[in-house]
Amino acid sequence: MLGLGIGSVANSSLGPRFVGRYHDLFEPFMRNAFPRLFLELGILGLLLIAAIYAKTLGDSVRVGRVAQGGFVHGFALGWTGVVAVMAVAIFYKDIVALTSLSYVFWYGSGLVVSAGFVSTRSDGA
């Protein structure tokens, strides 16, 4: 239900002393991000990740709908596709191990979510 813990099935470039406890056991299954996330975070962790993706997707759609042209509008509309592709890519590629991709994705998601927060605050609050 809660998983084995973060890093417990991960490999390490620092040497054999830093490899996760269950890495050798589950290494043949680590072909994409889903088994890694499921084993490390469990069902609740996967549900939390799905909720974060859904919230980011909803914010990007809302900002794309509400923004009046300009960079934020276009970025939010484009980010809708990026979030959808990243959600599907969990089942095809180990996107967790690609840190450069993760940094760019979460930075862009933060931009969209903050623009969604600003648009919510300026609309009625």
Side-chain angles (χ1 to χ4, degrees):
M1 183 95 172
L2 294 177
L4 299 172
I6 295 176
S8 61
V9 295
N11 195 5
S12 176
S13 60
L14 297 176
R17 290 183 35 215
F18 298 97
V19 173
R21 174 184 282 171
Y22 302 105
H23 176 272
D24 294 333
L25 180 63
F26 293 113
E27 196 267 332
F29 304 106
M30 297 296 137
R31 299 296 175 238
N32 56 40
F34 181 75
R36 178 184 311 276
L37 293 172
F38 179 72
L39 289 170
E40 290 185 354
L41 303 177
I43 295 171
L44 292 176
L46 285 177
L47 291 175
L48 181 63
I49 289 173
I52 291 170
Y53 272 62
K55 176 68 175 152
T56 305
L57 184 66
D59 280 347
S60 63
V61 168
R62 184 168 35 91
V63 171
R65 200 178 308 141
V66 172
Q68 301 296 323
F71 176 75
V72 174
H73 174 73
F75 187 80
L77 288 177
W79 207 253
T80 303
V82 170
V83 173
V85 166
M86 289 292 284
V88 172
I90 288 175
F91 299 101
Y92 293 101
K93 185 79 175 158
D94 191 5
I95 60 174
V96 176
L98 301 172
T99 55
S100 59
L101 182 64
S102 293
Y103 287 142
V104 171
F105 175 73
W106 292 115
Y107 182 77
S109 295
L111 289 174
V112 169
V113 170
S114 65
F117 179 75
V118 169
S119 70
T120 305
R121 297 289 293 172
S122 63
D123 284 346

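Note that the numbering runs from 1 along the sequence shown for the chain.
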Can you check whether L41 reaches I6 side chain to side chain, under 4.5 Å on heavy atoms?
-> yes
Here the pair of heavy atoms bringing Y53 nearest to V83 is O-CG1, 3.7 Å
Plane angle bin for F105 and W79 - parallel if under 30°, tilted between 30 and 60°, otherwise perpendicular = parallel
Over 12 non-hydrogen atoms of neighbours within 6.0 angstrom of CZ in R21 = no
Between A115 and V72, which heavy-atom pair has the shortest distance, and what is it?
-> CB-CG1, 3.9 Å
Side-chain heavy atoms under 4.5 angstrom apart, residues restricted to Ile, Leu, Val, Met, Phe, Trp, Tyr: same cluster for V96 and Y107?
-> yes
Rounded to the nearest 0.5 Å, what's the gap from CH2 on W106 to OG1 on T99? Could you check?
-> 14.5 Å
Check: E27 and N11 side chains under 4.5 Å, non-hydrogen atoms = no
Describe, in one word, how the ring planes of F26 and F29 are oriented to each other, choosing from parallel (under 30°), tilted (30 to 60°) and perpendicular (over 60°).
-> tilted
side-chain contact (heavy atoms from CB on, under 4.5 Å) between Y22 and L39, intermediate numbers included = CA-CA 10 Å; Y22 302 105; L39 289 170; over 6 Å; no
Could you walk me through whether R62 and D59 pass the side-chain contact (heavy atoms from CB on, under 4.5 Å) check?
-> CA-CA 5 Å; R62 184 168 35 91; D59 280 347; 2.5 Å; yes
Would a 4.5 Å heavy-atom cut-off, applied to side chains only, mark M86 and L101 as touching?
-> yes
Residue pairs fulfilling salt bridge (charged side-chain N to carboxylate O under 4.0 Å, His left out) with at least one residue in residues 81-107, sequence neighbours excluded = R36-D94
Here the gap from I90 atom CD1 to F38 atom CZ, rounded to the nearest 0.5 Å, amounts to 14.0 Å
Of all the heavy-atom pairs spanning L77 and G64, show the shortest one and how long it is.
-> CD2-CA, 3.8 Å
Same apolar cluster: V61 and V85, side chain cutoff 4.5 Å | no
Between N32 and Y92, is any pair of side-chain heavy atoms under 4.5 Å apart?
-> no
Determine whether more than 12 heavy atoms belonging to other residues, nucleotides or ligands lie under 6.0 Å from atom CD1 of I52.
-> yes
Co-membership, hydrophobic cluster, residues M30 and L4, 4.5 Å side-chain | yes
Where is the tightest heavy-atom contact between A76 and V112, given as atom of each residue plus distance?
-> CA-CG2, 4.4 Å
